[in-house]
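Inspection log for the structure reproduced underneath, given as structure tokens.
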Amino acid sequence: MWMKRIRQDFNLALVVTFGVITNVMILPFAAYRFLSGQNLAALIDLLIVACISLGAVHAYVSGRTQGASLFLAVTYSIGCIAIAYVAGTAGSLWMYAVLLSNFLLIERLRAVLISTCAIAAVAASPLALPELAHKAAFVGSSVVVSLFSFAFAWRTDVQRQQLENLATLDPLTGAGNRRAMGAQINAALAESARSRKPLGLITFDLDHFKQVNDRFGHEAGDHVLVQVASVVRRITRRADRLFRLGGEEFALLIPDADAQALWEIAEKVRESLMREVRCGEFPITASFGGSLLRANESERQWRERADAAMYRAKREGRNRSIVDGVSRPANDNLLASAGAPSALSANERPIDLATRLGPDRLVC
Ligand SMILES: Nc1nc2c(ncn2[C@@H]2O[C@H](COP(=O)(O)OP(=O)(O)OP(=O)(O)O)[C@@H](O)[C@H]2O)c(=O)[nH]1
């Protein structure tokens with residue numbers, strides 16, 4: 001369980017790794033210094049180990065890894081300054097490890113700021129660097145290490161972001177994939193339990209999409225999927241998350257909305273798709289199902305209720321929204337009154353309209 005969490009959370013893995021390394025590397029120094037009578041330096045070592053361990057434990061327990069990372073970077077920097085003033089040159093040598101950890105742990109501009117202060121403070125220590133030549137060499141080598149660390153951290157960030165996008169985004173539409181949905185549902189469930197705010201899920205599936213492909217070609221079908229994702233992203237809130245579950249099926253994770261609001265959101269998306277997404281004159285419609293998370297309900301049951309509502313919307317004629325628990329009048333299909341193209345009646349298949357309209361192959 002703890003291993004799984006660490007494997008899934010890069011920042012937590014980093015903070016915990018630094019916690020372990022600090023214990024393994026600094027505790028022997030503390031023991032050696034006590035034994036050789038350098039009690040103040042040994043106390044500083046122990047203080048560093050205690051603070052870093054606390055930071056790592058706090059990150060693990062609270063999940064707040066960013067604050068913990070900053071705390072670790074500040075502790076390392078202050079610890080290195082203190083040890084340079086107390087233990088002299090031997091203490092200042094830790095600066096190189098501190099610089100690297102700063103750039104790995106925290107955002108780059110903050111790392112530059114904290115590292116610059118630490119380098120200046122250690123360079124000013126008369127005990128660690130008594131001569132000007134020593135100070136110059138220390139500052140020069142520290143700046144070089146900082147630049148390398150900066151470049152390394154930057155490259156690592158870019159590559160991590162690219163890998164994360166590859167692993168979590170649908171390459172066609174840019175919506176989250178199933179994997180991302182699992183992770184974001186877990187985060188949303190935790191947030192909803194903490195804040196006691198409702199959590200809703202809408203699944204929707206394009207109607208008769210096979211016929212779009214059959215008639216206009218796969219490329220046109222792909223373009224429709226891209227348009228659908230783009231419209232949904234534009235008209236939903238920043239906090240709402242769009243996922244493509246596969247094929248022409250999508251899901252929207254909606255925090256902080258009651259069942260009625262969920263139905264209204266589904267209707268808004270349905271109407272917008274019908275109005276804005278077309279393949280030539282061929283209107284694209286979708287069927288929507290929604291469910292609000294119930295107390296003591298499993299995630300699976302919650303998702304199954306949304307799916308069941310969506311399949312019911314398909315069975316009842318498509319191009320409509322059904323939210324589990326929202327009563328019939330609200331759930332009534334508004335197709336006729338909601339600006340559907342007059343050429344398309346509620347039960348008419350889009351392909352019938354397309355056949356009447358004509359074009360054989362076109363990219364939408
Ligand atoms: N262009 C394109 N088509 C896809 C993609 N993924 C799945 N499809 C097609 O989506 C179609 C889904 O067809 P069906 O499952 O029969 O569903 P439907 O025609 O939308 O019918 P209903 O859902 O019952 O309204 C199939 O023709 C798939 O080939 C994709 O990435 N791009």
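All figures in this text were calculated on a predicted structure; none of them were measured in a lab. Both counts, for ligands and for their atoms, begin at 1 and track the order of listing. By convention here, the first residue in the shown sequence is residue 1.
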Legend entry - N/O donor-acceptor pair under 3.5 Å between S287 side chain and R320 backbone: no
Inset, instruction - Answer yes or no: is there an ion pair linking E264 with K268, defined by an N-O contact shorter than 4.0 Å? - result: no
Legend entry - Side chain, backbone, both or neither: V212 near ligand 1, heavy atoms under 4.0 Å: neither
Legend entry - atom 24 (O) of ligand 1: the protein heavy-atom neighbour that sits closest, reported with distance to 0.1 Å: R318 NH2, 2.9 Å
Inset, instruction - Check D222 against ligand 1 and report side chain, backbone, both or neither, counting heavy atoms closer than 4.0 Å. - result: both
Inset, instruction - Have a look at ligand 1 and work out which part of V224, if any, has a heavy atom under 4.0 Å from it: side chain, backbone, both or neither. - result: neither
Inset, instruction - Verify, without hydrogens or angle tests, whether Y85 (side chain) and A121 (backbone) share a donor-acceptor contact under 3.5 angstrom. - result: yes
Legend entry - Atoms of ligand 1, numbered as shown, that sit under 4.0 Å from any heavy atom of L225: 30 (C), 31 (O), 32 (N)
Inset, instruction - For atom 6 (N) of ligand 1, grab the closest protein heavy atom and report residue, atom and distance to one decimal in Å. - result: G247 CA, 3.2 Å
Inset, instruction - Just say parallel, tilted or perpendicular for the rings of F29 and W94, cut-offs at 30° and 60°. - result: perpendicular
Inset, instruction - Identify the protein heavy atom lying closest to atom 22 (P) of ligand 1, giving its residue, its atom name and the separation to 0.1 Å. - result: K314 NZ, 3.4 Å
Inset, instruction - Distance to 0.1 Å, residue and atom name: give those for the protein heavy atom nearest to atom 28 (C) of ligand 1. - result: N213 ND2, 4.1 Å
Inset, instruction - Note the single closest protein heavy atom to atom 13 (O) of ligand 1, along with its residue, its atom name and the distance in Å. - result: K210 CB, 3.5 Å
Inset, instruction - Give the residue and atom name of whichever protein heavy atom lies nearest to atom 10 (O) of ligand 1, and the separation in Å to one decimal. - result: F209 CD2, 3.3 Å
Legend entry - Residue, atom name and distance, where the atom is the protein heavy atom closest to atom 31 (O) of ligand 1: R244 NH2, 2.7 Å
Legend entry - Electrostatic pair D157:R108 at N-O distance under 4.0 angstrom: yes
Inset, instruction - In plain terms, say whether D214 and K210 are close enough for a salt bridge, that is, a side-chain N and a carboxylate O under 4.0 Å apart. - result: yes
Inset, instruction - Could you see which bit of E219 sits under 4.0 Å from ligand 1, with heavy atoms only: side chain, backbone, both or neither? - result: neither
Inset, instruction - Measure from the side-chain N and O atoms of R300 to the backbone N and O of E297, and report whether any donor-acceptor pair falls under 3.5 Å. - result: no
Legend entry - Atoms in ligand 1 with a heavy atom of D207 nearer than 4.0 Å: 20 (O), 25 (O)
Inset, instruction - With heavy atoms of H208 as the reference, note each atom of ligand 1 found under 4.0 Å away. - result: 18 (P), 19 (O), 20 (O), 21 (O), 22 (P), 25 (O)
Legend entry - Test item: S192 side-chain N/O and A188 main-chain N/O as donor-acceptor pair under 3.5 Å: no
Legend entry - Top protein contact for atom 15 (O) of ligand 1, by heavy-atom distance: E248 OE2, 3.8 Å
Inset, instruction - Using atom types as modelled and distance alone, determine if a side-chain donor or acceptor of S291 lies under 3.5 Å from a backbone N or O of W302. - result: yes
Legend entry - Those atoms of ligand 1 less than 4.0 Å from some heavy atom in G221: 1 (N)
Inset, instruction - Kindly confirm or rule out a cation-pi arrangement of R270 over F204, judged by NZ or CZ under 6.0 Å from the six-membered ring centre and within 45° of its axis? - result: no
Inset, instruction - Using only heavy-atom distances, determine whether the side chains of N102 and S149 contain a donor-acceptor pair under 3.5 Å. - result: no
Inset, instruction - Flag L206 as yes when one of its N or O atoms lies below 3.5 Å from any N or O atom of ligand 1, and as no otherwise. - result: yes
